[in-house]
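What follows is one structure encoded as structure tokens, with my remarks underneath.
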Amino acid sequence: MTDAVQTHSSSAQFTPRIFSGIQPSGNLHLGNYLGALKRFVDAQGQGMETLYCMVDLHAITVWQDPAALRHQTRELAAGFIAAGLDPAQSMLFNQSQVPEHAQLAWIFNCVARMGWMNRMTQWKDKAGKNAEKSSLGLFAYPSLMAADILIYHATHVPVGEDQKQHVELTRDIAAKFNHDYGVEFFPLPEPVIEGAATRVMSLRDGTKKMSKSDPSDASRINLTDDADAIAKKIRKAKTDPEPLPSEAKGLDERPDARNLVNIYAALAGQSVDEVLRDVGGRAFSEFKPMLADLAVDKLSPISTKMSELMAAPEEIDAILAQGAARAREIAAPILERTYDIVGFVRG
Ligand code: AMP
Ligand code: TRP
């Protein structure tokens with residue numbers, strides 16, 4: 001994570017610390033793995049503290065069946081661990097076990113302005129014409145996200161492009177709080193948004209993002225798919241009739257071909273040019289089995305490990321509870337100092 005090392009001047013006085021959150025909303029796929037889980041794992045052990053949170057409080061801004069929410073929270077935790085996240089190195093926990101997030105979010109609800117929230121693209125997309133019927137939580141969502149980050153004085157936030165606006169809002173909330181109370185208390189965190197290979201596209205349409213909400217299961221590789229299912233989906237993936245080019249430029253205007261090459265490169269840990277140096281000139285009938293082998297090789301240990309972990313949910317729960325306890329050691333004193341700044345009396 002090279003971007004993560006640069007620190008904005010205004011947060012220079014803060015120890016670099018990475019925080020990211022992901023919603024336990026089910027159906028982890030290759031896009032989540034390459035775009036989020038793998039990046040979070042790669043950021044581990046690079047000298048910064050890392051905190052990764054399953055944001056169950058955010059999930060209930062739209063209706064969640066309680067049993068499904070519990071299952072999805074554990075499955076996401078299993079996905080993190082199976083992907084290589086080490087709970088001894090990173091703090092892995094679900095948001096509701098660290099009440100300081102919600103406590104700071106209330107204060108931020110009183111700092112953020114209605115107009116700021118009204119401008120959020122995700123709010124406009126999700127609420128759409130139904131704003132009157134949306135939960136108040138969905139509107140306040142970005143203020144809770146700001147609290148997630150700032151309750152740890154986190155400085156770096158790895159996210160997808162779609163979350164950039166929320167991290168910018170987090171900076172606005174931090175700046176207004178600091179200004180209103182005349183303090184330099186909260187850092188202005190940086191979004192860390194990485195390269196093109198982390199935008200994994202649908203296997204059925206290279207112009208659409210791979211997504212859990214796509215009705216076609218063939219459009220995505222789920223982390224729970226077995227080797228046969230993975231190989232079959234890749235065999236059927238949409239391509240064009242041309243052979244593979246020898247350099248990246250040759251993938252322009254070929255979204256399906258580019259997607260498969262990007263996936264190969266990301267899984268192999270190579271650059272697109274390195275991959276094309278090896279496979280340039282080959283037909284997809286030759287390249288697809290190579291990609292299928294590589295995908296099975298990298299993903300099937302993850303799905304095997306996930307099912308092993310899911311067979312012992314109480315162990316997952318214990319890991320989350322331990323992660324939450326460590327996270328609270330950072331969060332609690334920051335909340336106390338915030339309360340003092342705001343003028344809340346405490347004994
Ligand atoms: P979501 O599944 O939209 O809740 O996203 C969870 C995480 O996975 C976020 O960090 C996203 O940026 C990432 N993500 C989701 N879909 C993709 C995709 N197709 N390619 C890359 N990253 C993705
Ligand atoms: N809003 C993020 C998403 O939908 C999830 C999230 C919640 C988050 N809190 C966060 C991401 C804090 C980064 C930091 O993907």
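Both counts, for ligands and for their atoms, begin at 1 and track the order of listing. Positions are given from 1, in the same order as the sequence printed here.
- A donor-acceptor contact closer than 3.5 angstrom links the side chains of S96 and D56.
- Interface of I22 with ligand 1, defined as ligand atoms under 4.0 Å from a residue heavy atom, comprises 6 (C), 7 (C).
- Atoms of ligand 1 found under 4.0 Å from any heavy atom of R199, numbered from 1 in the order shown, are 20 (N), 21 (C).
- Around ligand 2, the residues contributing at least one heavy atom under 4.0 Å from the ligand are F19, S20, G21, Q23, V55, H58, Y141, M145, D148, I149, V157, V159, Q163.
- Inclusion of K212 in the set of residues having an N or O under 3.5 Å from an N or O of ligand 1 is warranted.
- Using modelled atom types and a 3.5 Å distance limit, the side chains of Q122 and D125 yield no donor-acceptor pair.
- Atoms of ligand 1 lying under 4.0 Å from at least one heavy atom of A36, given by number and element, are 7 (C), 8 (O), 10 (O).
- In this structure, R220 does not pair ionically with D225, as no charged nitrogen and carboxylate oxygen lie closer than 4.0 Å.
- Using a 3.5 Å distance cut-off with no hydrogens or angles, the side chains of D148 and Q95 do pair a donor with an acceptor.
- Ring centers of W123 and F139: under 6.0 Å apart, within the cut-off.
- For H156 and F19, the ring centers are positioned 6.0 Å apart or more.
- In this structure, F80 and F40 have parallel ring planes: the angle between them is below the 30° cut-off, well short of the 60° mark.
- Using a 4.0 Å cutoff on heavy atoms, E161 does not count as a contact of ligand 1.
- Between the side chains of H29 and N222, no donor-acceptor pair of N or O atoms lies under 3.5 Å.
- The distance from ligand 1 to the heavy atoms of G35 drops below 4.0 Å at these ligand atoms: 21 (C), 22 (N).
- Side chains of T121 and Q165: a donor-acceptor N/O pair is present below 3.5 angstrom, by distance only.
- Taking only nitrogen or oxygen atoms, main chain and side chain alike, V159 does not reach within less than 3.5 Å of ligand 1.
- Residue M210 is tested with L34, V200, N259 for a side-chain contact (heavy atoms from CB on, under 4.5 Å); the sole match is V200.
- Distances from ligand 1 to the non-hydrogen atoms of Q23 include no value under 4.0 Å.
- The closest approach between N32 and ligand 1 falls below 4.0 Å for a heavy atom of the residue.
- Close approach of ligand 1 to G160 is summarised as follows: ligand atoms under 4.0 Å from at least one heavy atom of the residue are 12 (O).
- Remark: distances from the non-hydrogen atoms of L34 to ligand 1 are all 4.0 Å or more.
- Close approach of ligand 1 to M210 (heavy-atom distance below 4.0 Å) involves ligand atoms 16 (N), 18 (C), 19 (N).
- Neither the backbone nor the side chain of M201 has any atom closer than 4.0 Å to an atom of ligand 1 (non-hydrogen atoms only).
- Considering only heavy atoms from C-beta on, I22 stays 4.5 Å or farther from V55 through its side chain.
- With salt bridges taken as basic N to acidic carboxylate O contacts below 4.0 Å, one links R328 and E100.
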